[in-house]
Amino acid sequence: MGNSQSPPADPRFSSATRAFTPKDLEDLNSLFVSLAAQSKSNNEYISLSVFQSVYEKGTRDDIEEFIYQLLNVTGDGVVGRCDIESVLAAILRSIFSLETSNPGLNSHREIINVFLNAAKFSKVVEGAPEKSMSFEDFRSWCALLPSVRKFLGSLLIPPDAGRLGSQVPQLVHGDNINPDLIVMREEYAWHIGGALPHHELEEWKLLYHSAINGMSFNTFLGSTSNGEGPTILIIKDKDGYIYGGYASQPWERHGDFYGDLKSFLFQLYPKASIFKPTGANNNVQWCAANFSSESIPNGIGFGGRVNHFGLFLSASFDVGQTFTCTTFGSPCLSKTNRIFPEVIECWGVVQNGAQEEKLDAAKATVLERFKEDRHMLNMVGLANSSE
């Protein structure tokens, strides 16, 4: 920032000042002088550390308004489609080495479009050839793309491996599968991971793939039953749409809905979006096997209600459904309500931190049991009998 007493000879400065009243400008000048003094810059600029401290104390609305203004890359006061494209390209370049990425989706251009397709541009700007993104459009977009929101919110934090919005899980699979057959890719994992806690972003392991394991419900259950952690179900259907759900609970046989509000649905192609539980109901996860009643359809699914699921795969694994769903506030995830899977994948979320906590808890339990046993031996005078 330049000295507020001598604004730069930039026409954008003159244009920007017209948006404020004389009182507003006076208040802004006073704020600048105060922050510049804290920066010990001889009233010339505000240091990054001082600005960060002020930024972090802002309300959520203040911070989101600031981030929204940053999106105006061209500096014309309008957040247009080209601005969002530039921001997405910069984010992906920052996180991924796009030159060496899997070219399966025609490099990063198609990935950018996938995220861009989730955005709305509803603001009419006089004289502009197309509508722009309003602040409310921006907030709605961030709700659908939490990974983008996390990254933009951490721009003032020095980049490092643990920077919010930058974590990409390591995707692990066996040598028995051709990588070209795998639907999950790093960009998709980054998108899904935006809705997950940090300790679930270390490693995701492929548990089931229909090209290797076959379109088999029983094989799916057998392949996923060994893991105690969450799983990520991905479906690519014959219309080319890619979507799925994050299941916080194991896939186990139930006669009704189960699970918790950590689960969510998502879209990956041709549009990227995440739909978290709305709290409208608890119809989160479904897994029914070997039931003979029509009121308990065999298969796996998420949300909605019986026979009108947010997402459902029948036990035959060759047909399913997706409807508008109040559980997650999600739309139909595919081109039509009736879906025909082409590829089905299930990834296990490896929770290293959680496993260590369980081991520590187990050790503590054994130690406590040892202490109790020794106490009982002392009571009967046997503990020190060898002494």
Item to check | ring-ring contact (aromatic ring centres under 6.0 Å, His included): pairs with one or both residues in residues 328-349, sequence neighbours excluded | outcome: none
Item to check | With sequence neighbours excluded, residues passing side-chain contact (heavy atoms from CB on, under 4.5 Å) with S30 | outcome: none
Next on the checklist: In terms of relative ring orientation, are H191 and F115 parallel, tilted or perpendicular, with 30° and 60° separating the classes?
Outcome noted: perpendicular
Next on the checklist: Closer than 3.5 angstrom, by distance alone: can the side chain of N213 be matched with the main-chain N or O of T219 as a donor-acceptor pair?
Outcome noted: no
Next on the checklist: Filter on salt bridge (charged side-chain N to carboxylate O under 4.0 Å, His left out), then keep only pairs touching residues 230-242, sequence neighbours left out; what's left?
Outcome noted: none
Item to check | Contacts of R139 that satisfy salt bridge (Lys or Arg N to Asp or Glu O under 4.0 Å) - sequence neighbours left out | outcome: D61, E64
Item to check | Residues that K23 engages under salt bridge (Lys or Arg N to Asp or Glu O under 4.0 Å), provided they are two or more places apart | outcome: D27
Checklist entry - Partners of A119 by side-chain contact (heavy atoms from CB on, under 4.5 Å), sequence neighbours excluded? => result F121, M133, W141
Checklist entry - Just checking, is any N or O donor in the side chain of Q267 or Y243 under 3.5 Å from an acceptor N or O on the other one? => result no
Checklist outcome for this item: The complete set of side-chain hydrogen bond (donor to acceptor under 3.5 Å, both in side chains) pairs with one or both residues in residues 295-318, sequence neighbours excluded, reads S293-S295, S314-S316, S316-D318
Next on the checklist: Taking transitive links into account, so neighbours of neighbours count too, which hydrophobic residues share a cluster with V125 at under 4.5 Å side-chain distance?
Outcome noted: V78
Checklist entry - In the hydrophobic clustering that connects Ile, Leu, Val, Met, Phe, Trp and Tyr at side-chain heavy-atom distances below 4.5 Å, which members other than F323 occupy its cluster, ordered by chain and number? => result none
Item to check | Backbone of I344 reached by a side-chain donor or acceptor of S210 within 3.5 Å | outcome: yes
Checklist entry - Using links of under 4.5 Å between side-chain heavy atoms of ILVMFWY residues, direct or through other members, which residues join F309 in one cluster? => result F257, W286, F291, I296, V306, F312
Next on the checklist: Going by side chain to side chain donor-acceptor pair (under 3.5 Å), name the residues that satisfy it together with Q321, two or more places apart in sequence or in a different chain.
Outcome noted: none
Item to check | Sequence-distant partners of D256, salt bridge (Lys or Arg N to Asp or Glu O under 4.0 Å), two or more places apart | outcome: none
